[in-house]
Amino acid sequence: AKGLTREESTFFESKISYKPQFGILAYDAVSVIINVNATDSIFTVAQIKDKLSGKDTLGYIVLDGKSATSTVRFLIDSVLKGAAPGKNVMAANGSKAVVDYVSKNEHAIGFVGSSWVTNDQDPEQVAYQKKIRFALMECKYNCDSGSFAKPSQATITYAQYPLVRPLYYILKENSTGLGSGFTNFLNLERGQLIFRRSYLVPATMYFGVR
């Protein structure tokens, strides 16, 4: 869920004599999930920032790890702007554990990748959807003023849902081979359709229904 920084590219170049290529393949959203009985279900990004930083201590904040996961990194980089999470933030053992904890605790707020909870064809996810709800996030682009959105392929595509992150490829190959062939596959129609079927939003091809 991240490309290479300038320092990382320079490091690789010093080791293998060239800089690896990288680019965006698809987009995912970080879903804000709440218990089905939760009373507060509408948030702005500023309110989410206050909860993650510990400024607002109402409710339990549950993430899918402490520092190493892509969800945690996104929230620290893009919402907290590099600040550390507050003491009210706890770590669960993976995304499934986050969903399970929120489903059992009325005052918990969890953060997971949208593809973990938006698949209506996965019986396990459908069962969880009866125990959790998607919090609505303030929409600032391509929507009416004062509108709110929940994560979906449509709200990601039109930048209506604010907590969106890219999915990258990193190609450490300096000649035509298996790596570059697989990268081309992921960037072209069949590969992009796989991302679409996985409830992500393809980045290099548009599959809108007309």
Side-chain angles (χ1 to χ4, degrees), residues 1-4 20-34 43 45 48 63-65 69-75 77-79 94-100 102 110-144 147-173 176-210:
K2 66 182 291 292
L4 295 176
Q21 302 175 44
F22 64 92
I24 298 174
L25 289 169
Y27 293 96
D28 185 20
V30 173
S31 297
V32 183
I33 59 173
I34 54 177
F43 302 102
V45 174
I48 291 297
L63 306 180
D64 62 348
T69 73
S70 59
T71 300
V72 174
R73 185 196 58 77
F74 170 81
L75 294 172
D77 291 349
S78 301
V79 179
S95 297
K96 185 177 179 180
V98 172
V99 178
D100 188 57
V102 172
F111 295 83
V112 294
S114 63
S115 58
W116 276 91
V117 284
T118 57
N119 187 347
D120 292 330
Q121 296 181 345
D122 184 331
E124 186 176 29
Q125 291 192 25
V126 171
Y128 272 126
Q129 288 174 14
K130 297 177 181 179
K131 300 179 181 180
I132 62 170
R133 287 187 291 158
F134 296 103
L136 298 177
M137 294 294 300
E138 183 181 19
C139 173
K140 292 187 177 181
Y141 302 102
N142 302 316
C143 56
D144 296 330
S147 296
F148 290 79
K150 63 180 181 180
S152 70
Q153 286 175 308
T155 59
I156 296 173
T157 299
Y158 297 110
Q160 295 170 329
Y161 188 76
L163 303 181
V164 174
R165 60 186 179 184
L167 176 65
Y168 289 84
Y169 73 87
I170 300 176
L171 177 62
K172 198 182 73 170
E173 188 174 77
T176 301
L178 182 62
S180 58
F182 185 55
T183 300
N184 289 337
F185 172 80
L186 294 175
N187 274 287
L188 297 177
E189 182 176 3
R190 292 182 67 185
Q192 289 287 286
L193 282 170
I194 292 173
F195 289 116
R196 184 175 184 269
R197 179 62 182 82
S198 301
Y199 292 87
L200 303 170
V201 173
T204 64
M205 287 196 170
Y206 178 67
F207 298 108
V209 178
R210 301 190 180 188

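Side-chain atoms of D64 and V72, non-hydrogen and from C-beta on, do get closer than 4.5 Å to each other. Using a 4.5 Å heavy-atom threshold, the side chains of Y168 and P166 count as touching. With contacts defined as side-chain heavy-atom distances shorter than 4.5 Å, the pair S198/S115 does not qualify. Two residues are said to be in side-chain contact when any heavy atoms from C-beta on lie closer than 4.5 Å; L163 and V79 meet this criterion. Considering only heavy atoms from C-beta on, I194 comes within 4.5 Å of F185 through its side chain. Residues F134 and V117 are in side-chain contact: their nearest non-hydrogen atoms beyond the backbone lie under 4.5 Å apart. In this structure, T69 and L63 have side chains that are not in contact, with every pair of non-hydrogen atoms separated by 4.5 Å or more. Side-chain contact between L186 and F195: present, with at least one pair of heavy atoms (C-beta onward) separated by less than 4.5 Å.
The shortest heavy-atom contact between G110 and V102 is N-CG2, 3.6 Å. For Q160 against A149, the heavy-atom pair with the smallest separation is O-CB, 4.1 Å. The two residues P20 and I170 have their closest heavy-atom pair at CB-CG2, 4.3 Å. In terms of heavy-atom proximity, I34 sits nearest to F43 at CG2-CE1, 4.4 Å. For L171 against G179, the heavy-atom pair with the smallest separation is CD1-C, 3.4 Å. V112 approaches S95 most closely through the heavy-atom pair CG1-O, 3.8 Å.
Considering NZ of K150 and CD1 of I33, their distance stands at 13.5 Å, rounded to 0.5 Å. L167 CG to Y27 OH: the interatomic distance, rounded to the nearest 0.5 Å, is 10.5 Å. Here the OH atom belonging to Y199 is positioned 7.5 Å from the CD atom belonging to Q153, to the nearest 0.5 angstrom. Considering OG of S147 and CG of N142, their distance stands at 11.0 Å, rounded to 0.5 Å. The distance from the CD1 atom of I24 to the OG1 atom of T204 is 10.5 Å, given to the nearest 0.5 Å. Distance CE/M205 to CZ/R190: 12.5 Å, rounded to 0.5 Å.
A donor atom on one side chain and an acceptor atom on the other are found under 3.5 Å apart for R165 and S70.
For Y169, the OH atom sits in a packed shell: over 12 heavy atoms of surrounding residues, nucleotides or ligands are nearer than 6.0 Å. Counting heavy atoms of neighbouring residues, nucleotides and ligands inside a 6.0 Å radius, atom NZ of K2 exceeds 12 of them.
Checking side-chain atoms of Y161 against main-chain N and O of V30 turns up a donor-acceptor pair under 3.5 Å. Looking only at distances, a side-chain donor or acceptor of E173 sits under 3.5 Å from a matching main-chain atom of S180. Here the side chain of Q121 pairs no donor or acceptor atom with the backbone of V126 at under 3.5 angstrom. A donor-acceptor pair under 3.5 Å links the side-chain atoms of N187 to the main chain of T183, judged by distance alone. Checked by atom type and distance alone, the side chain of D28 never pairs as donor or acceptor with a backbone atom of G113 at under 3.5 Å. No donor-acceptor pair closer than 3.5 Å links the side chain of E138 to the backbone N or O of V45.
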Check step by step if side-chain contact (heavy atoms from CB on, under 4.5 Å) holds for M137 and T155.
-> CA-CA 11 Å; M137 294 294 300; T155 59; over 6 Å; no
